[in-house]
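Report on one structure; see the data block that follows.
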Amino acid sequence: MLRYNPKNIEVKWQKKWQDDKIYLAIDFDPRPKYVMLTEFPYPSGAGIHVGHTREYTLGDVIARYKRMSGFNVLFPMGYDAFGLPTENYAIKNKISPIKATDDNIKIFEQQLLSLGLSIDWDRSFRTSDPNYYKWTQWLFLQFFKAGLAYQDETYINWCPFCKTGLANEEVVNGRHERCDTLVEKKLLKQWLLKITDYADRLIDGLSTVDYLPKIASQQINWIGRSEGAEIIFQVDESDVQIKVFSTRIDTIYSAACIILAPEHPLVDKITLITHKQAVKDYLISSQSKSDIERQDEKRDKTGVFTGSYAINPINQEKIPIWLADFILVGYGTGAVFGDIHDERDAVFMENHHIKATYSVLPKDKEKAKKVMSGELVFSGDGILVNSGQFDGLTSSVARSEILQFLVDKKLAIKKVNFKLRDWIFSRQHYWGEPIPIIHCVDHGPVAVPDDQLPVVLPSVDNYEPTENGQSPLSMIDSWVNTVCPTCGKPAKRETDTMPNWAGSSWYYLRYFDPQNDQKFADRKKLDYWQAVDLYLGGMEHTTLHLLYSRFWHQFLFDQGLVPTPEPYAARRGQGIILGPDGTKMSKSKGNVIDPTEVIRSGYGADSLRIAIAFIAPYDLTTAWNPEILGGTYRFLNRLWVLVHNFVEKQNYVIASEFDELSEKKVLSTINKLITKVTDDIEKMNFNTAISAQMEALNILYKLNYSDKKIKVEIWQSSLESFIKLLAPFAPHIAEELWHVLTNSTQSVHLSDWPKADVSYLTEDKITIVVQINGKWRANLTMPVNSQEKEVKNEALRHEKIAIILKDKTINRVIFVSDKLINFVI
RNA sequence: GGGCGAGUGGCGGAAUUGGUAUACGCGGUGGACUUAAAAUCCACUGGUCUCAACAACCUUGAGGGUUCGAGUCCCUCCUUGCCCACCA
């Protein structure tokens with residue numbers, strides 16, 4: 001017998017699978033389809049890490065299981081190739097990003113191959129390929145033509161040290177993650193996508209798909225829908241009106257001031273001459289603060305009085321108008337009424353000695369006293385007081401009645417606000433898809449005609465962003481200068497590129513038809529493959545990539561371009577694998593586990609895959625334990641020995657020597673295992689699927705080495721089933737042992753998933769627990785379906801029970817069929 | 001501050017509708033094989049009491065509750081993880 005050595009078998013089978021193309025997904029195949037999608041990687045120079053390995057291995061387990069279960073499985077892989085790390089790498093090493101991407105993808109392919117993934121490589125692509133980004137550009141133009149892509153002046157993050165515009169994701173805690181400089185804001189004209197138009201749809205759509213509840217609630221949270229009212233406050237002795245958004249219109253009687261964001265457009269108009277200087281000083285001081293400084297001063301709420309007053313529409317009271325930089329210009333109307341029932345407002349008003357009264361009291365009398373004495377700021381719902389005709393109403397009733405009252409007078413409207421902002425879609429960087437727009441003096445921004453797509457990213461000498469914040473593309477005059485597609489006059493190309501979220505917003509659709517040069521994907525193929533059945537990815541993409549791609553898809557659905565309203569029928573997120581020391585893996589800490597190193601070290605891909613499946617539930621963050629590999633290797637080795645032993649010395653014995661009890665044990669073990677593993681994979685309980693296989697193997701192993709004789713056919717069929725159950729997890733050793741055991745020419749991965757024989761699932765005899773007052777006292781072995789009477793008699797005859805129950809009165813007997821009997825004394 | 005989770009041996013973690021808590025694996029101890037080591041195999045491995053075995057009692061972050069019976073359900077508290085955060 002050869003020793004189990006992964007090196008001898010893994011590369012051999014990987015090559016064979018590639019040559020035979022056994023993992024191809026077939027368009028329009030009559031079998032039911034199953035699309036198993038894992039997030040495609042960013043091909044960085046560092047190669048794959050354990051996080052990739054977890055995601056792709058578990059995706060592969062499901063893909064293989066579904067394939068064996070009769071599905072036409074599509075398990076694709078591509079590369080999210082545009083983005084900053086590659087650009088930075090190219091700048092630093094003075095090589096082209098195209099070359100860097102090429103090199104990195106070669107490494108990735110090699111590494112992914114060594115994991116033994118059942119990917120359909122014929123459908124692979126990278127987002128930086130012009131044949132791909134032609135369609136990213138085309139899809140962008142559909143947004144543009146629908147009025148959902150627009151330009152606006154917005155503040156971008158600007159690093160004054162690097163002299164470059166930054167993407168949000170490069171700003172960590174208000175600093176540029178690379179150089180740690182405090183980030184400033186710079187006003188630039190930018191492209192935005194109107195994701196806010198889809199805010200409600202993005203929430204509602206979640207109820208039609210099967211997402212992990214945590215993921216759905218994070219998206220809902222991020223979108224941040226809040227219902228309230230927009231209320232009109234007339235400025236005293238002026239024709240100016242201020243619109244104020246509030247979710248607490250029930251507290252309007254206690255409005256003690258109006259507070260505007262410093263950037264509010266009406267600031268200039270309402271500031272009295274006598275207050276101009278103070279306001280100007282305040283604006284300068286608040287503008288010079290970076291985001292992080294504003295956050296640092298959470299408790300110190302600064303502000304300035306404008307000199308003007310507003311009229312509270314509910315009671316005609318005159319209240320002062322202030323400016324304060326804790327009010328955000330981007331949310332609601334950029335104005336609030338200051339109110340003692342809001343903790344931030346209360347602090348602000350106290351700081352600036354603005355007189356405030358309460359209008360809502362808690363139901364709890366002790367609490368109410370504290371509110372009245374000013375000891376407590378009450379921000380919850382309660383009962384209205386000091387509120388004229390609305391006194392005595394509960395907050396929720398008052399909200400609708402006061403709103404209606406003001407709506408009737410045309411002083412308020414019902415309004416829904418979202419935290420979600422429009423998606424800033426411009427990047428002033430080189431390594432991204434050029435935005436396919438031409439700016440014409442007469443016609444403004446014009447779409448590049450379809451037949452001129454793709455707008456190919458030109459090669460440049462210098463990939464660095466320019467000092468004025470423009471993309472390096474702006475330096476190439478020959479590329480920038482073009483003609484207007486509408487009038488033919490000289491015009492200039494847009495020089496911004498798209499964010500790296502663009503290519504990943506629709507990539508799953510391209511897997512359905514990766515070569516198409518007429519359309520982003522053929523409709524018939526979309527109809528066949530949509531939607532993605534299961535999407536597995538990192539939790540960190542919940543509010544960016546996952547939300548963005550749902551938005552794109554919903555838009556495409558509205559345009560009639562895709563058949564389903566949602567892209568992903570189900571979404572799960574895998575947990576992070578930490579370093580062995582329990583902290584996040586990082587090069588500087590030296591706790592990085594390199595999966596390819598593990599494979600090369602001699603444990604092999606199968607032991608690694610099993611370890612990943614076994615170490616913890618897939619969605620749990622857990623520390624990597626290198627020693628677990630010893631255990632998973634031993635497990636595979638035991639199976640190797642068992643199968644080879646059986647094949648090499650199966651000895652035929654005469655019928656009378658067979659041990660029926662042992663045979664039954666083998667059959668019940670294997671059939672229970674089939675049920676358990678099938679169920680566990682369906683529920684993604686990979687760790688218990690493995691432990692069940694270990695347990696079963698231990699039983700089979702012992703039986704094999706006992707002197708009990710078991711029929712060859714029973715061993716043969718049981719081992720075949722066992723290998724099939726293992727195949728999704730450890731595809732190489734399963735394939736090898738399958739061929740050793742069966743001499744078949746067909747791959748185990750194309751064989752049928754085993755079905756349990758129910759007749760072996762139930763036992764004739766079962767263990768029944770005897771409890772006294774709920775406490776375990778003894779076990780009984782009884783036939784299945786024994787009646788209460790029989791069990792009770794048997795229990796009372798039990799020596800131990802008899803001793804305890806002597807001289808005691810049984811008040812009650814609780815009987816659970818086939819499980820337990822409990823005497824209450 | 002808000003939202004969503006999680007607390008079980010030395011460690012990662014099991015535990016159907018509430019029904020023998022600690023499966024499986026790691027680590028540890030003892031043993032077999034070996035000149036020796038590695039590998040492999042066997043036995044033991046939550047705590048207290050006990051020379052030991054049997055038995056008994058205790059044990060799922062803390063405290064209370066519901067129940068014949070609670071890791072599981074309810075309440076209060078503590079600890080901790082992730083995401084968001086001056087969002088009116």
Side-chain angles (χ1 to χ4, degrees), chain A residues 3 212-222 224-226 228 244-249 251 259 261 294-295 297-299 301 324-328 330-339 341-345 347-348 379 417-421 539-540 542-543 573 575-576 580 582 610-611 614-617 619-635 637-638 641 679 685 687-698 701-702 705 767-779 800 810-816 818-825:
Chain A
R3 252 188 95 238
L212 207 68
K214 189 177 167 183
I215 295 170
S217 84
Q218 247 177 57
Q219 291 214 341
I220 290 168
N221 220 355
W222 180 264
R225 181 189 155 98
S226 64
V244 165
F245 177 71
S246 176
T247 55
R248 291 298 306 275
I249 198 170
T251 67
I259 317 169
R294 281 200 190 187
Q295 278 166 28
E297 304 184 293
K298 249 182 197 172
R299 282 162 222 290
K301 302 228 181 302
D325 62 11
F326 75 94
I327 303 300
L328 307 172
Y331 184 75
T333 59
V336 302
F337 65 76
D339 163 20
H341 295 293
D342 179 289
E343 282 172 40
R344 291 150 309 172
D345 295 357
V347 170
F348 175 78
S379 57
N417 262 316
F418 298 93
K419 288 185 200 172
L420 184 71
R421 307 299 158 79
M539 284 302 297
E540 70 273 21
T542 297
T543 52
I576 300 164
I610 299 264
F614 179 59
I615 194 163
D619 56 345
L620 219 71
T621 295
T622 190
W624 180 250
N625 175 7
E627 279 167 338
I628 200 174
L629 285 161
T632 56
Y633 180 86
R634 273 190 283 279
F635 163 63
N637 187 43
R638 279 158 74 91
V641 170
D679 197 46
N685 295 332
N687 56 330
T688 51
I690 298 296
S691 66
Q693 292 188 45
M694 289 174 166
E695 233 172 325
L697 183 63
N698 289 343
Y701 207 78
K702 274 188 187 150
Y705 282 95
T767 305
I768 292 181
V769 172
V770 184
Q771 295 182 338
I772 291 172
N773 286 348
K775 195 155 187 64
W776 175 84
R777 290 295 156 174
N779 285 346
K800 214 175 129 185
I810 298 167
N811 294 330
R812 214 175 133 189
V813 178
I814 286 141
F815 176 74
V816 181
D818 289 343
K819 254 195 188 137
L820 66 85
I821 185 158
N822 184 13
F823 297 102
V824 184
I825 57 171

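Quantities reported herein were computed from a predicted structural model and do not represent experimental measurements. Note on naming: letters A, B, ... go to the chains in the order of the sequence lines (proteins, then strands), and numbering restarts at 1 for each one.
- Side-chain contact between Phe337(A) and Ile249(A): absent, with no pair of heavy atoms (C-beta onward) separated by less than 4.5 Å.
- Base pairing of G5(B) is made with U80(B), judged by Watson-Crick or G-U wobble geometry with both donor-acceptor distances under 3.5 Å.
- Contact between the side-chain N/O atoms of Asn773(A) and the OP1/OP2 oxygens of U67(B) is not found at any separation under 4.0 Å.
- Counting any heavy atom pair closer than 4.0 Å across all strands shown, Val824(A) reaches sugar-phosphate atoms only and no base atom.
- Residue Thr622(A) places at least one side-chain N or O under 4.0 Å from the OP1 or OP2 atom of G13(B).
- Checked by distance alone, Lys819(A) brings no side-chain donor or acceptor within 3.5 Å of a matching partner on the base of U20(B).
- The side-chain tip of Lys301(A) points at the ring of Phe326(A) from less than 6.0 angstrom away and within 45° of straight on.
- Of the candidate nucleotides G12(B), C86(B), U20(B), U20(B) has the atom lying nearest to any side-chain atom of Asn779(A).
- The side chain of Thr688(A) lies closest to A14(B) when the candidates are A14(B), G2(B), A88(B).
- Comparing G9(B) with C83(B), their P atoms are spaced 26 Å from each other, to the whole Å.
- Base-pair partner of A53(B): not found among the strands shown (Watson-Crick or G-U wobble, both distances under 3.5 Å).
- Atom-to-atom, CD1 of Ile615(A) to P of G12(B) comes out at 10 Å; the value is rounded to the nearest Å.
- The side chain of Arg634(A) has C26(B) as its nearest neighbour among C26(B), U20(B), A23(B).
- Side chain Gln771(A) to base G19(B): a donor-acceptor pair is found below 3.5 Å.
- The separation of C74(B) from A6(B), taken at their P atoms, amounts to 11 Å, rounded to a whole angstrom.
- Atom CD1 of Ile814(A) and atom C1' of U20(B) are 16 Å apart (whole Å).
- C44(B) and G28(B) make up a base pair, with Watson-Crick or G-U wobble contacts both under 3.5 Å.
- Listed nucleotides: G25(B), A14(B), C68(B). Nearest to the side chain of Phe614(A): G25(B).
- Rounded to whole angstrom, the span from the CD1 atom of Ile690(A) across to the P atom of C24(B) amounts to 15 Å.
- Proximity note for Trp222(A) (side chain, C-beta onward) versus C84(B), A88(B), C83(B): the nearest is C84(B).
- Straight-line distance from the CG atom of Leu420(A) to the P atom of C84(B): 14 Å, rounded to whole Å.
- Here A14(B) presents its P atom at 8 Å from CG of Asn685(A), a figure rounded to the nearest Å.
- As judged by a 4.0 angstrom heavy-atom cut-off over every strand, Leu620(A) is placed among residues touching the sugar-phosphate backbone only.
- Comparing C26(B), G25(B), C57(B) by their closest approach to the side chain of Arg777(A) singles out C57(B).
- When the P atom is used for both G61(B) and C57(B), the distance is 22 Å, rounded to whole Å.
- Residues Asn822(A) and Tyr633(A) each lie close to RNA chain B; by heavy-atom proximity, the contact nearer the 5' end of the strand is made by Tyr633(A).
- U20(B) makes up no base pair with any nucleotide shown, lacking Watson-Crick or G-U wobble contacts both under 3.5 Å.
- Atom CG of Asn811(A) is separated from atom P of U67(B) by 16 Å (rounded to the nearest Å).
- Contact check, Arg248(A) against A88(B): no side-chain N or O comes under 4.0 Å of OP1 or OP2.
- Rounded to a whole Å, the CG atom of Asn687(A) is 10 Å from the C1' atom of G12(B).
- Between the side chain of Lys301(A) and the base of C86(B) there is at least one donor-acceptor pair of N/O atoms closer than 3.5 Å.
- Distances shown here put a side-chain N or O of Ser226(A) below 4.0 Å from the OP1 or OP2 atom of A88(B).
- Picking from C68(B), C26(B), C86(B) the nucleotide with the shortest atom distance to the side chain of Phe326(A) gives C86(B).
- Rounded to whole Å, the distance from CD1 on Ile576(A) to P on C83(B) is 7 Å.
- Using a 4.5 Å heavy-atom cutoff, the side chains of Ser226(A) and Phe245(A) are in contact.
- Between Pro213(A) and Phe337(A), the residue whose closest nucleotide on RNA chain B is further toward the 5' end is Pro213(A).
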